[in-house]
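Read the numbers this way: they start at 1 and go in the same order the structure lists the ligands and their atoms. For clarity, every value in this text was computed on a predicted model and none was experimentally measured. Position 1 is the first residue of the sequence; numbering continues from there.
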Amino acid sequence: MKIKEKASTGYLKYELKNFEKLPVKIWEDSVEASRHVARSVALAIRQRQQDGEHIVLGLATGSTPIKVYEELVRLHKEEGLSFQNVISFNLDEYYPMPKEAQQSYWRFMHEYLFDHVDILPENIHIPDGTLPMEKIADYCEEYEKLIDLAGGIDIQLLGIGRTGHIGFNEPGAWETSPTRMVRLDHLTRHDASKDFQSGDDVPYRAITMGVGSIFKARTVYLMAWGQHKARIIQQAIEGEITTSVPASFLQKHPNVKVVLDKSAAEELTKMKSPWLAGICNWTDDLICKAVVWLSQKTGKPILKLTDEDYNEHGLSDLIIEQANSY
Ligand code: F6R
């Protein structure tokens with residue numbers, strides 16, 4: 001797996017190795033990260049305005065994009081960013097769900113963004129959670145057509161669920177899936193229960209744009225904040241492409257930008273075991289972490305670890321470092 005080369009010293013040296021299959025940018029905190037995303041969206045909106053064209057945004061709800069929307073609202077109010085050329089399509093909505101309900105994504109979007117900017121109401125599209133079941137299939141087909149008619153999504157904002165879902169495409173979702181009615185995963189319903197009176201009140205279903213619909217977007221921002229997202233982010237970014245982690249399908253998309261805060265990045269190899277990525281500035285803390293890691297990895301007590309163990313597990317640099325310090 002690791003790429004090795006003989007350095008002039010004769011020791012084996014580990015080259016820099018990238019475990020991430022998507023470009024990742026890690027920010028100190030989610031406020032900074034959200035501002036960065038909002039500024040990129042604002043820049044794209046303004047560029048289109050200069051060309052006299054509209055821009056199509058794919059929007060997410062949930063806690064992740066809130067600070068992005070807050071920054072966009074600030075840019076509108078304080079820096080004159082207009083949304084008159086914006087056409088928006090939201091990813092999903094619970095089903096059934098009245099628009100005015102506290103938990104509806106329709107309400108969320110108006111509360112955090114639409115009520116505070118000058119977007120034209122006719123340009124807003126949010127899946128309708130009030131339709132009778134028999135009309136849903138046609139409605140979903142129509143939603144896809146509307147996206148295509150608008151010219152396709154230019155920028156898609158995404159959060160990620162702990163199940164690895166994007167939109168509400170839960171494990172098992174297929175790569176080319178279109179907008180459709182889905183069942184929510186148990187973990188997703190559990191995570192959503194904080195917004196409802198009780199877990200039993202969380203709807204079992206939702207209407208969601210599919211993985212295929214998301215995939216058609218020209219640029220995708222996948223955002224995640226907090227340690228509770230770290231494990232699934234590692235799987236989505238470093239793991240195999242699998243339907244068990246629908247976000248991993250993004251590895252096939254040509255223009256995805258992953259934006260993380262430090263906590264959400266914690267499980268990435270370059271953060272968790274940077275020696276494997278070949279980027280080590282050996283502090284005392286890091287040495288301790290590496291030695292404990294090696295001991296767990298080999299199942300040997302620390303004092304029984306041999307030079308070979310260090311070499312075979314990407315820690316040859318550490319032996320060189322220690323040898324040089326004596
Ligand atoms: C919401 C959506 C979901 C959320 C995900 C993360 O429109 O599509 O995929 O992005 O469940 O939710 P939060 O941001 O609340 O952690």
F89 and Y143: CA distance, side-chain angles, deciding distance, ring-ring contact (aromatic ring centres under 6.0 Å, His included) verdict: CA-CA 9 Å; F89 287 89; Y143 202 77; 5.6 Å; yes

Listing by chain and number, which residues have a heavy atom under 4.0 Å from ligand 1?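 The 4.0 Å shell around ligand 1 contains A60, T61, G62, S63, T64, L91, D92, G159, I160, G161, H165, G167, K229.
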
Going by an N to O cut-off under 4.0 Å, is there a salt bridge joining D309 and K304? no

Centroid-to-centroid, Y94 to F196, below 6.0 Å? yes

Got a sec, which pairs hit salt bridge (charged side-chain N to carboxylate O under 4.0 Å, His left out) with one end in residues 190-201, sequence neighbours left out?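 Residue pairs passing salt bridge (charged side-chain N to carboxylate O under 4.0 Å, His left out), neighbours aside: R162-D191.
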
Side-chain heavy atoms under 4.5 Å apart, restricted to Ile/Leu/Val/Met/Phe/Trp/Tyr: what other residues fall into the cluster of F249, or is it alone? V211, I241

For Y204, what are the other residues in its hydrophobic cluster, where any two members join if their side-chain heavy atoms are less than 4.5 angstrom apart?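 For Y204, no cluster forms, as it stays isolated from other hydrophobic side chains.
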
